Amino acid sequence: MDKTIEQDVEEITNDIKNTASKLDGKTLLLPGGTGFIGGYILDAIAYLNENYFKKPCNLICLDNLIVGDKHRISHLLEKNYFKFIRHDISNPFSYDGDINFIIHAASIASPTFYRQYPIETIDANVLGTRNLLQLGVEKKIESFLYLSSSEVYGDPLPGNFPTPETYWGNTSFTGPRACYDEAKRIAETYCAFFFSKYNAPIKIARPFNLYGPGLRIDDKRAVPDFMNNALRNEPIIMYSDGKDTRSFCYISDAVMALFKILLSDFNGEAFNVGNNLEEISLTKLGETIKELSGNKIEIIYKKSEDKNYLKDNPRRRVPSLTKIKKLLNYEPKIDLKTGLKKSIEWYKYNYNL
């Protein structure tokens, strides 16, 4: 495992090791395990298996590898508690053994890529969620966590910042982002009705702008995109006026929160996951990454050749964390500069920059 990721995983497991005992000797199914968030979840449980659990938690990773990278889990492939199955969750999945926990992390999350694969994005979230919820009911699972997104809120109207879980959202259902936003929304609807009909132990997480090691440098979201330019000593290209603001959350803080939600008793609930301490403009983000890279480069503003690049793009994104802090004692630990430094170290090492 990469050194930076290993340090993050130790931080995560140190925080959750007591409640994580619920996973001891159980089986967890994780669609999307080769992705950014899924890879961290698998690494955290693997670390618990090696250092804390009496019996290992058996891990079943599903992925169709459209955007996932099997190399991300290469260090787990020889573990006797780990199984990788190439599978598209828009098709039903069957398994003869017990399944005790399901974390649905399978989705294309980068706007650049989900616009290339809009149907697949819809299917993974809608059909995939339906299939996994049905499997969860059949297996009488202990907990089901659906990884939704802050994108369910769309472009919040004034007066809805920080944005609470009770906000209904302001989204386009036919625009270029709709394949992701609306698919996440209908998946949450599925979760709500499976909970009400079957009393299934379902929880929903809505992550806000996660970043960190493991996020592909060609992902095209702001942090890896700016770092890709800066670390190559090239101008940072900003395809907007740079005034939009975001609240970025480092991956280890987010994964810590996801485990807290999964292992809680708050069934039928949705929780924002993020860091609301630093709302920052994209221009300021670019300037910070430029400074941390140590390279004397320009920030250039230009119009994207993709006509849909900014269409329906939220102007602000900042979560209310009142609910998760109160109910689950969640507190983000990694400030933006620290997280960006850790990310730069990881990109330099893994991409020879």
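All heavy atoms count here, side chains included; hydrogens, waters and symmetry mates do not. Values in this document were obtained by computation on a predicted structure and should not be read as measured data.
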Please examine the side chains of Ile73 and Phe82, heavy atoms only from C-beta on, and report whether any two atoms are closer than 4.5 Å.
-> yes

Under a 4.5 Å cut-off applied to non-hydrogen side-chain atoms, are Glu120 and Ile66 in contact?
-> yes

Any donor-acceptor N/O pair, Asn160 side chain to Thr163 backbone, under 3.5 Å = no

Report yes or no: do Asn267 and Lys203 form a side-chain donor-acceptor pair below 3.5 Å?
-> yes

Are the side chain of Asn49 and the backbone N or O of Cys57 linked by a donor-acceptor pair below 3.5 Å?
-> yes

Just how far is it from atom CG of Leu336 to atom NZ of Lys284, taken to the nearest 0.5 Å?
-> 10.0 Å

Rounded to the nearest 0.5 Å, what's the gap from CG on Leu292 to CG on Leu231? Could you check?
-> 10.0 Å

Interatomic distance, CZ@Arg115 vs SG@Cys179, rounded to 0.5 Å, equals 8.5 Å

Drop me the distance from Ile12's CD1 to Ile251's CD1, to the nearest 0.5 angstrom.
-> 7.0 Å

Side-chain touch Leu65/Phe84, heavy atoms, less than 4.5 angstrom = yes

With Arg221 as the cation and Phe226 as the aromatic partner, state whether NZ or CZ is under 6.0 Å from the six-membered ring centre and within 45° of the axis.
-> no

Between atom CG of Leu215 and atom CZ of Phe36, what is the distance when rounded to the nearest 0.5 Å?
-> 5.0 Å

Under a 4.5 Å cut-off applied to non-hydrogen side-chain atoms, are Asp219 and Asp225 in contact?
-> no

Arg316 versus Arg246: any side-chain heavy-atom pair under 4.5 Å?
-> no

Start with the C-alpha gap between Lys333 and Asp253, add the side-chain angles, then the distance that decides, and say whether salt bridge (Lys or Arg N to Asp or Glu O under 4.0 Å) holds.
-> CA-CA 7 Å; Lys333 299 178 180 180; Asp253 281 337; over 6 Å; no

Ring-face cation contact, Tyr330 with Lys260, 6.0 Å cut, 45° max | no

Can you tell if the side chain of Cys249 reaches within under 4.5 Å of the side chain of Phe208, non-hydrogen atoms only?
-> no

Hey, is Arg177 close enough to Glu151 for a salt bridge, meaning N to O under 4.0 Å?
-> yes

Can a donor-acceptor pair be found between the side chains of Tyr180 and Asn125 at a distance below 3.5 Å?
-> no

Apply salt bridge (Lys or Arg N to Asp or Glu O under 4.0 Å) to the pair Asp2 and Arg72, showing each step before the final yes or no.
-> CA-CA 10 Å; Asp2 177 271; Arg72 177 65 182 84; over 6 Å; no

Under-4.0 Å salt bridge between Lys3 and Glu345 | no

Linking I/L/V/M/F/W/Y whenever their side-chain heavy atoms sit closer than 4.5 Å, directly or via other members, would Phe53 and Ile60 fall into one cluster?
-> no

Taking the inter-plane angle between the rings of Tyr351 and Trp346 on a 0 to 90° scale, is it parallel (under 30°), tilted (30 to 60°) or perpendicular (over 60°)?
-> perpendicular

Are Leu135 and Phe93 side-chain neighbours, meaning at least one heavy-atom pair lies under 4.5 Å?
-> yes

What's the spacing between Leu262 CG and Ile16 CD1 if we round to 0.5 Å?
-> 9.0 Å

Verify the distance criterion only: is there a donor paired with an acceptor across the side chains of Tyr301 and Thr283 at less than 3.5 Å?
-> yes

Does Glu331 come within less than 4.0 Å of Lys325, counting only side-chain N to carboxylate O?
-> yes

Heavy-atom nearest pair, Asp241 first then Asp244, reads OD1-N, 4.2 Å

Considering only NZ, NE, NH1 and NH2 on the basic side and carboxylate oxygens on the acidic side, decide whether Lys140 and Asp98 come within less than 4.0 Å.
-> no

Between Thr171, Asn272, Asn170, which is the residue that forms a side-chain hydrogen bond (donor to acceptor under 3.5 Å, both in side chains) with Tyr153?
-> Asn272

